[in-house]
Amino acid sequence: MLKGKHIVLGISGGIAAYKSASLVRLLVKAGAEVQVVMTPNAREFIAPLTLSTLSGNPVITEFFSANTGEWHSHVDLGLWADCMVVAPATASTIAKMACGVADNMLITTYLSAKAPVFVAPAMDLDMMAHASTQRNIELLRSYGNIIIEPAVGELASHLVGKGRMEEPEGIVKALADYFAASDDLRGKKVLITAGPTYERIDPVRFIGNYSTGKMGYALADEAAARGADVVVVSGPVAVKPREHGVRVVSVESARQMLDACRDEFALADIAIMTAAVADYAPAHPADKKIKRERTQLASLELVMNPDIAASLGETKRADQLLVGFALETDNEAENAEAKMTRKHLDMIVMNSLRDAGAGFGTDTNKVTVFFADGRVPAAFPMKSKADVARDIIDLIVKL
Ligand code: CTP
């Protein structure tokens, strides 16, 4: 999994830096290209010469070369990286990463990195347990960084506790597992509906809802990052996909969404219905703006919109997977399971408006997932929508 991967290894100044030599050797042996960036303190623990010899690349510690004046571009390094690993990550480096204190090359590279960042903390048990370190680690997690938890063991202080850096073999495995997961949808075509639909009353008014599309686009990004060919059939939203290659088909009404989905579904392996489709549309949308003075409009005649999920469910082939969402306010589990059966879904993701932080417009969500094949439902705590997307895609891959 690591063959040909560009890995920036950031080494900060802790005793565990002596293990960096083995880490570089294992990464190079696995076929990765390694660029080491050290903090000035790290040089006291391991010689740059050892690391440059093992990696086959000059080690970077300063912003520019004292001899030639050549500037070391953290921006180029950040763009070059397929991932960055900070190992060992001392309490001080973790704090600087959390707060953006860009006073050395490791931190500037971290701030410029576009790729996933892995952090392997290493420190004394009391430093590790301190509220400030714990808060900083939580901040890194909230930025999407992946923490490789330290083990419990004998520390440099001869005390025994949590703070021992994960062994180089464990770090290499964490990276390999990540890259393996990041490819588990390769070759699959995924259709996602997202956002609200607008049902036209006249050229300036519509019936709609508060959906922002965030959950659907988070799923699109996650599926694309894992190698899928993704198309989002999207109602009017302000969000955009972050991943390259996610195709967006923009529609406005439920009818248009259904037409676009029918075309795309025939070729799809997986369809995820996150759109908040308006259940009704005005029966006679006006061509011209309805004028208050001239029209005594006391009520609107409505017609029921097509149920997109149910209609795809009817034509679903055995090799296709259809996933729905259910936003409920009461009798949540019962309603969600009934929807799954009615629409021929394989899986339904339920969120409750009773949970603060779940539902429309928020950046977080709390979901419970039900399965048509009767397997035990999966309940998750409140998480960012990006993390919820990862959990959902993990479940889809298992199915
Ligand atoms: N859905 C759809 N087309 C519709 C209505 C819903 O594709 N016209 C999809 C949604 O994208 C979601 C699932 O069906 O995946 C459930 O949506 P929801 O609005 O909760 O269900 P409804 O069937 O509209 O039920 P109700 O509004 O009565 O709760």
Side-chain angles (χ1 to χ4, degrees), residues 190-221 230-242 245-268 271-315 322-330 335 339 342-345 349 351 353 358-363 365 385:
V190 179
L191 160 66
I192 298 175
T193 64
T197 62
Y198 285 1
E199 309 299 332
R200 177 188 276 237
I201 298 171
D202 71 9
V204 296
R205 303 182 181 92
F206 59 85
I207 296 177
N209 59 65
Y210 291 119
S211 168
T212 55
K214 282 182 187 167
M215 194 62 246
Y217 279 74
L219 280 160
D221 284 335
V230 183
V231 57
V232 185
V233 175
S234 177
V237 292
V239 281
K240 288 195 172 76
R242 280 200 235 151
V246 172
R247 194 156 55 88
V248 177
V249 176
S250 296
V251 296
E252 197 174 281
S253 67
R255 277 252 145 242
Q256 292 169 350
M257 189 172 270
L258 175 64
D259 290 344
C261 283
R262 279 208 175 119
D263 292 346
E264 299 291 344
F265 188 57
L267 301 169
I272 314 175
M273 309 278 100
T274 76
V277 183
D279 287 323
Y280 294 91
H284 309 289
D287 292 340
K288 296 199 180 113
K289 192 178 172 201
I290 299 170
K291 301 298 284 179
R292 188 162 46 145
E293 304 297 312
R294 269 184 265 133
T295 320
Q296 300 294 314
L297 190 65
S299 63
L300 266 179
E301 191 190 336
L302 300 176
V303 287
M304 199 182 268
N305 266 334
D307 187 324
I308 300 167
S311 133
L312 299 187
E314 276 162 24
T315 64
L322 185 59
V323 178
F325 268 67
L327 178 61
E328 303 294 341
T329 56
D330 55 283
N335 284 339
K339 260 175 209 175
R342 195 168 71 236
K343 302 185 188 214
H344 305 291
L345 308 174
V349 182
N351 38 192
L353 267 189
F360 287 166
T362 58
D363 290 319
N365 209 353
K385 283 189 171 164

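For reference, positions follow the sequence shown, starting with 1.
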Legend entry - Close side-chain approach of His344 and Leu322, heavy atoms under 4.5 Å: no
Inset, instruction - For the residue pair Val251 and Thr197, establish whether any side-chain heavy-atom pair is separated by less than 4.5 Å. - result: no
For a quick test of reading the model, state the closest non-hydrogen atom pair linking [X] to [Y] and the distance between them.
X      : Y      : result
Gly195 : Val237 : CA-CG1, 3.7 Å
Leu191 : Glu264 : CD1-CB, 4.0 Å
Val232 : Ala194 : CG1-CB, 3.8 Å
Ile207 : Ile201 : CG1-CD1, 4.0 Å
Phe265 : Ala271 : CE1-CB, 3.6 Å
Ala254 : Ile308 : O-CD1, 3.7 Å

Gap between atom [atom2] of [Y] and atom [atom1] of [X] - 0.5 Å precision:
X      : Y      : atom1 : atom2 : answer
Glu252 : Glu199 : CD    : CD    : 8.5 Å
Met215 : Asp363 : CE    : CG    : 11.5 Å
Ile272 : Ile192 : CD1   : CD1   : 4.5 Å
Leu327 : Asn351 : CG    : CG    : 5.0 Å
Leu258 : Leu312 : CG    : CG    : 7.0 Å
Phe325 : Thr193 : CZ    : OG1   : 9.0 Å

Inset, instruction - Using the test side chain to side chain contact (heavy atoms under 4.5 Å, CB included), find all partners of Asn209 that sit at least two apart in sequence or belong to another chain. - result: Pro196, Ser211, Ala276, Phe360
Inset, instruction - Identify, with sequence neighbours excluded, every residue that meets side chain to side chain contact (heavy atoms under 4.5 Å, CB included) alongside Arg342. - result: Lys339
Can I get a per-line list of side-chain donor-acceptor pairs under 3.5 Å for residues 278-289, giving both atom names and the distance, sequence neighbours left out?
residue, atom, partner, partner atom, Å
His284, NE2, Glu301, OE1, 3.4

Inset, instruction - Could you tell me whether Arg255 atom CZ has more than 12 heavy atoms of other residues or ligands within 6.0 Å of it? - result: no
Legend entry - Single hit among Val248, Thr274, Val249 for side chain to side chain contact (heavy atoms under 4.5 Å, CB included) with Ser234: Val248
